[in-house]
Amino acid sequence: MTPHADFHVHSNYSDGRPLPEMVAAAERAGLEAVGITDHCNVSNRSVPMRAKREHGFNLDLTYERRREALESLRAATDLAIYDGVELDYDPRDEPELESFLEQAGFDYAIGSVHELDGACIFDRSAFADRSESERRDLVDDYYRKIVSLLEFDAFDVLGHVDAIERTPELRGYATTEHYHRVADALVESSSVLEINAGRVGREYGSFHPEPSFLEILRDRNVRFVPGSDAHRPAELVDRVPLFADRFVEAGLESTSPIG
Ligand SMILES: [Zn+2]
Ligand SMILES: [Zn+2]
């Protein structure tokens with residue numbers, strides 16, 4: 001079945017465009033449901049605390065206000081609008097993540113690994129001076145965190161599973177063994193994966209997971225939700241038909257993270 005939903009959308013409650021514009025774009029794209037999943041970090045460690053202050057990622061403080069906004073937007077549309085979150089995961093933050101998820105009660109939560117060795121995985125300059133063997137170790141650490149996220153089992157969705165492939169300095173170090181380790185952990189976990197269209201049409205150009213990884217996961221009957229990872233209205237409108245095609249082309253059924 002082609003997906004009629006997008007479960008990974010940002011708004012100005014993190015680093016995207018205004019919430020009403022993102023919801024209007026979901027309507028324009030002909031969707032039946034949209035999940036707003038702003039970035040959120042609840043770590044007490046100094047590196048992520050500084051990063052969230054500097055970037056203005058405040059959803060841990062503003063989710064109730066956003067919830068009221070979603071409620072008033074629902075009144076004007078037939079679109080189902082979900083109150084989601086994209087939470088930064090690091091094994092060291094598990095107690096904070098657990099209590100925040102319980103306290104906030106989102107419709108669903110995406111867990112994503114964005115931090116590697118104290119840097120953002122997308123920050124090319126942080127990895128440019130690393131040797132081959134250091135890069136290999138970093139990619140190994142990244143997949144260790146992904147497996148640990150799945151074992152933690154507190155998220156409904158694992159976000160952009162092979163996101164490090166977006167970063168040219170970290171690209172190409174992942175192994176089939178990493179992919180199988182993730183697949184093994186997924187089978188034991190209640191999380192599902194996403195087909196993430198966040199870099200389609202950009203430098204990296206591919207969906208997450210990349211084709212050879214997707215094949216391994218598909219053989220294990222892993223389930224997938226569709227996510228544009230849009231930060232702007234036009235991205236949402238452009239990516240919805242792309243990920244719909246991707247589901248059809250790969251012979252995948254889309255699932256929902258709700259309930
Ligand atoms: Zn992300
Ligand atoms: Zn995102």
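Order of appearance sets the numbers: ligands from 1, and atoms from 1 within every ligand. When reading the values below, keep in mind they use all heavy atoms of this one structure, side chains included, and skip hydrogens, waters and symmetry mates.
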- Task: Quick one: the NE2 of His10, the Zn ion (ligand 2), NE2 of His8 angle, rounded to 10°, please.
- Result: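 Nearest ten degrees: 100°.
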
- May I ask you to check whether His39 and His114 place their ring centres under 6.0 Å from each other?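 Yes, the ring of His114 comes within the 6.0 Å limit of the ring of His39, centre to centre.
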
- Message: Tell me if the centroids of the rings in Tyr63 and Phe106 come within less than 6.0 Å of each other.
- Response: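 That pair passes the under 6.0 Å test.
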
- Task: Could you tell me whether Arg67 and Glu71 make a salt bridge, using a distance below 4.0 angstrom between a side-chain N and a carboxylate O?
- Result: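 Here Arg67 does not pair with Glu71 in a salt bridge, since their nearest N and O are not under 4.0 Å apart.
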
- Is His160 close enough that one of its N/O/S atoms sits under 2.8 Å from the Zn ion (ligand 1)?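 Of the N, O and S atoms in His160, at least one lies under 2.8 Å from the Zn ion (ligand 1), which means yes.
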
- Query: Counting backbone and side-chain atoms alike, does Asp229 have an N/O/S atom under 2.8 Å from the Zn ion (ligand 1)?
  - Reply: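 No - counting backbone and side chain alike, Asp229 has no N, O or S atom under 2.8 Å.
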
- Any Glu86 side-chain heavy atom under 4.5 Å of His160 side chain: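 Yes, close enough: below the 4.5 Å cut-off.
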
- Task: Have a look at Glu86 and say which of its N, O or S atoms is nearest the Zn ion (ligand 2).
- Result: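 So the atom name we want here is OE1.
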
